[in-house]
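All of these numbers come straight from a predicted model, not from anything done at the bench.
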Amino acid sequence: MDTTMDQLRTLIMVHEAGTALGAARILGREQSSVQKQIDTMNRNFRELCGEPLILKQGRGKDVLFTGTGEALVELARETLGEWLDGIHESRRRLGKTLVVGTTRFTLSYLAGAGERVSEEFRQRAIDLKVGHVRTRDVLAKLRAKDVDLVCGSVVTRPEGDDGLAAFDVMEWRRSGVSLLTNLSEAELPGPTAPSSALRSLPLVVSASGLMAGVLHTWFGGDYRNKLRIAAEIDTVNYGFELLRSGLLRGCMLVTKGVADAAGDPRVAYGRGLRAVELVNDTGPRLEVLLGAFTRRGERASYDAAHPLNLLWDALAQENARWQREQRWPTAGLEPDPFELANSYNPSES
């Protein structure tokens with residue numbers, strides 16, 4: 001019962017590294033220090049349980065964990081994980097730490113908002129942690145409490161979405177779904193097409209993300225077997241390049257804002273491509289919502305000076321600034337990062 005947290009951590013490292021020497025290198029300690037802790041735990045658990053935790057296998061070989069050792073390693077992982085979660089939760093509640101996730105397309109919003117609060121965060125020694133979140137994981141990261149706030153995009157329904165009931169949402173922009181295509185008007189007349197036409201068109205689709213979610217909702221989980229998938233891509237930018245190259249004749253689902261912007265000759269990714277707006281006749285009407293998200297009720301449980309509320313307010317101010325300045329070179333198009341992403345350098349992913 002005298003086992004310490006540090007000993008449990010050492011035990012986990014030996015389990016992962018296979019030897020005391022390997023664990024010492026990971027922990028930045030002397031091998032003798034690690035071996036002393038292992039010997040102490042071996043002795044204690046031999047007396048307590050009737051067998052040691054670890055058996056030596058000979059020089060240069062990985063140690064062998066007994067049944068008791070394997071059980072304790074699993075318990076140690078759970079104990080340390082819960083202990084760290086408790087510490088992080090306390091720091092979050094007290095406003096000492098704020099963890100924010102952002103997709104690449106929304107980083108500009110967060111950067112601008114971060115400038116507004118950076119001085120106060122510095123003076124109050126608030127630890128702001130920022131990490132990349134893929135679009136498909138925006139809400140999942142919040143549910144798992146991996147982040148406190150996330151900036152990104154989700155597929156939703158204009159009449160309301162029960163899937164967003166668990167979150168506070170700051171909406172920045174909504175956009176419908178369109179196609180970008182290199183097919184001729186004889187092959188695909190415009191300016192609109194029914195979503196049911198997707199069944200017969202050669203499609204460039206993302207392996208995951210927003211548009212994969214759209215196809216899943218409209219055509220079911222086996223949509224790949226129902227549609228003509230001409231190419232599957234990892235990044236939207238590669239899809240743009242693939243269509244512009246002419247190596248493949250087909251269409252790619254994008255937001256209506258991206259498709260509309262592609263008509264401007266100054267926009268690199270859209271050159272040589274044509275936009276066709278999708279009119280839904282297949283399933284529920286879907287839109288892409290760009291914004292900021294937190295767990296519902298969490299902001300209200302904190303005072304106005306809590307870093308989560310300060311950053312939320314800063315994001316609202318940043319959105320208002322984007323709307324006022326109209327940075328987009330084409331009149332009438334709102335200058336949000338979701339539409340601006342990679343417009344001038346599509347080779348970046």
[atom1]/[X] to [atom2]/[Y] distance, rounded to the nearest 0.5 angstrom?
{"X": "Asp137", "Y": "Arg143", "atom1": "CG", "atom2": "CZ", "result": "10.5 Å"}
{"X": "Leu286", "Y": "Ser175", "atom1": "CG", "atom2": "OG", "result": "12.0 Å"}
{"X": "Leu107", "Y": "Cys151", "atom1": "CG", "atom2": "SG", "result": "9.0 Å"}
{"X": "Leu55", "Y": "Asn42", "atom1": "CG", "atom2": "CG", "result": "7.5 Å"}
{"X": "Ile54", "Y": "Asp39", "atom1": "CD1", "atom2": "CG", "result": "9.0 Å"}
{"X": "Asp127", "Y": "Thr97", "atom1": "CG", "atom2": "OG1", "result": "5.0 Å"}

Main-chain N/O of [Y] paired with [X] side-chain donor or acceptor, under 3.5 Å:
{"X": "Thr294", "Y": "Leu149", "result": "no"}
{"X": "Arg244", "Y": "Leu273", "result": "no"}
{"X": "Thr106", "Y": "Thr103", "result": "yes"}
{"X": "Asn182", "Y": "Gly272", "result": "no"}
{"X": "Arg228", "Y": "Ser200", "result": "yes"}
{"X": "Ser178", "Y": "Thr255", "result": "no"}
{"X": "Asn280", "Y": "Thr282", "result": "yes"}
{"X": "Arg296", "Y": "Ala165", "result": "yes"}

Minimum heavy-atom distance between [X] and [Y], given as atom pair plus value:
{"X": "Ala193", "Y": "Leu188", "result": "CB-CD1, 4.2 Å"}
{"X": "Val133", "Y": "Gly101", "result": "CG2-CA, 3.6 Å"}
{"X": "Ala20", "Y": "Val14", "result": "CA-CG2, 4.4 Å"}
{"X": "Phe219", "Y": "Ser195", "result": "CZ-O, 3.7 Å"}
{"X": "Ala17", "Y": "Ile26", "result": "CB-CD1, 4.0 Å"}
{"X": "Cys251", "Y": "Leu201", "result": "SG-CD1, 4.1 Å"}

Report, as yes or no, whether the 6.0 Å neighbourhood of atom [atom1] on [X] holds more than 12 heavy atoms from other residues, nucleotides or ligands.
{"X": "Glu115", "atom1": "CD", "result": "no"}
{"X": "Arg285", "atom1": "CZ", "result": "no"}
{"X": "Glu16", "atom1": "CD", "result": "yes"}

Let me check something: any side-chain donor-acceptor pairs from residues 309-316 under 3.5 Å, sequence neighbours excluded? List them with distances.
from	atom 1	to	atom 2	distance (Å)
Asn309	ND2	Arg299	O	3.2
Asn309	ND2	Asp303	O	2.9

Legend entry - Full working for side-chain contact (heavy atoms from CB on, under 4.5 Å) between Met211 and Val205: CA-CA 7 Å; Met211 296 307 157; Val205 301; over 6 Å; no

[Y] side chain reached by [X] side chain, heavy atoms, under 4.5 Å:
{"X": "Leu11", "Y": "Ile38", "value": "yes"}
{"X": "Asp146", "Y": "Val99", "value": "no"}
{"X": "Met5", "Y": "Leu80", "value": "yes"}
{"X": "Met13", "Y": "Val34", "value": "no"}
{"X": "Leu179", "Y": "Leu253", "value": "yes"}
{"X": "Leu164", "Y": "Phe293", "value": "yes"}

Inset, instruction - Please report the C-alpha distance between Ser184 and Glu187 in whole Å, then the side-chain angles of each, then the deciding distance to 0.1 Å, and finally whether the side-chain hydrogen bond (donor to acceptor under 3.5 Å, both in side chains) criterion is met. - result: CA-CA 5 Å; Ser184 68; Glu187 297 169 291; 3.1 Å; yes

Inset, instruction - Identify the residue among Arg157, Arg174, Lys256 that makes a salt bridge (charged side-chain N to carboxylate O under 4.0 Å, His left out) with Glu287. - result: Arg174

Legend entry - Side chains of Ser32 and Gln35, donor plus acceptor under 3.5 Å: no

Tell me whether [Y] is reachable from [X] by hopping between hydrophobic residues (I, L, V, M, F, W, Y) whose side-chain heavy atoms are closer than 4.5 Å.
{"X": "Val177", "Y": "Val279", "value": "no"}
{"X": "Leu21", "Y": "Met41", "value": "no"}
{"X": "Val254", "Y": "Leu248", "value": "yes"}

Legend entry - Counterpart residues, salt bridge (charged side-chain N to carboxylate O under 4.0 Å, His left out), relative to Arg29 (two or more places apart): Asp6

Legend entry - With Glu119 via side-chain contact (heavy atoms from CB on, under 4.5 Å) - residues at least two apart: Arg122, Gln123

Could you give the side-chain donor-acceptor pairs of residues 63-77 under 3.5 Å, partners two or more places apart or in another chain?
from	atom 1	to	atom 2	distance (Å)
Thr66	OG1	Pro52	O	2.6
Thr66	OG1	Leu53	O	3.3
Thr66	OG1	Thr68	N	3.4
Thr66	OG1	Gly69	N	3.1
Thr68	OG1	Glu51	OE2	2.6
Glu70	OE1	His15	NE2	3.0
Glu70	OE2	His15	NE2	3.4

Inset, instruction - Check the pair Gln7 / Thr10 against side-chain contact (heavy atoms from CB on, under 4.5 Å), numbers first and verdict last. - result: CA-CA 5 Å; Gln7 286 175 331; Thr10 298; 5.5 Å; no

Inset, instruction - Determine, stepwise, if the pair Ile233 / Ser206 fulfils side-chain contact (heavy atoms from CB on, under 4.5 Å). - result: CA-CA 5 Å; Ile233 58 175; Ser206 299; 4.0 Å; yes

Inset, instruction - Give every residue pair that meets the ring pair (Phe, Tyr, Trp, His ring centres under 6.0 Å) criterion with at least one member in residues 26-50, sequence neighbours excluded. - result: none

Legend entry - Residue pairs, two or more places apart or on separate chains, that pass side chain to side chain donor-acceptor pair (under 3.5 Å) and touch residues 213-222: Asp222-Lys226

Inset, instruction - Using the side-chain contact (heavy atoms from CB on, under 4.5 Å) rule, take Val288 and Arg173 through it: C-alpha gap first, then chi angles, then the decisive distance, then the call. - result: CA-CA 8 Å; Val288 176; Arg173 176 78 177 267; over 6 Å; no

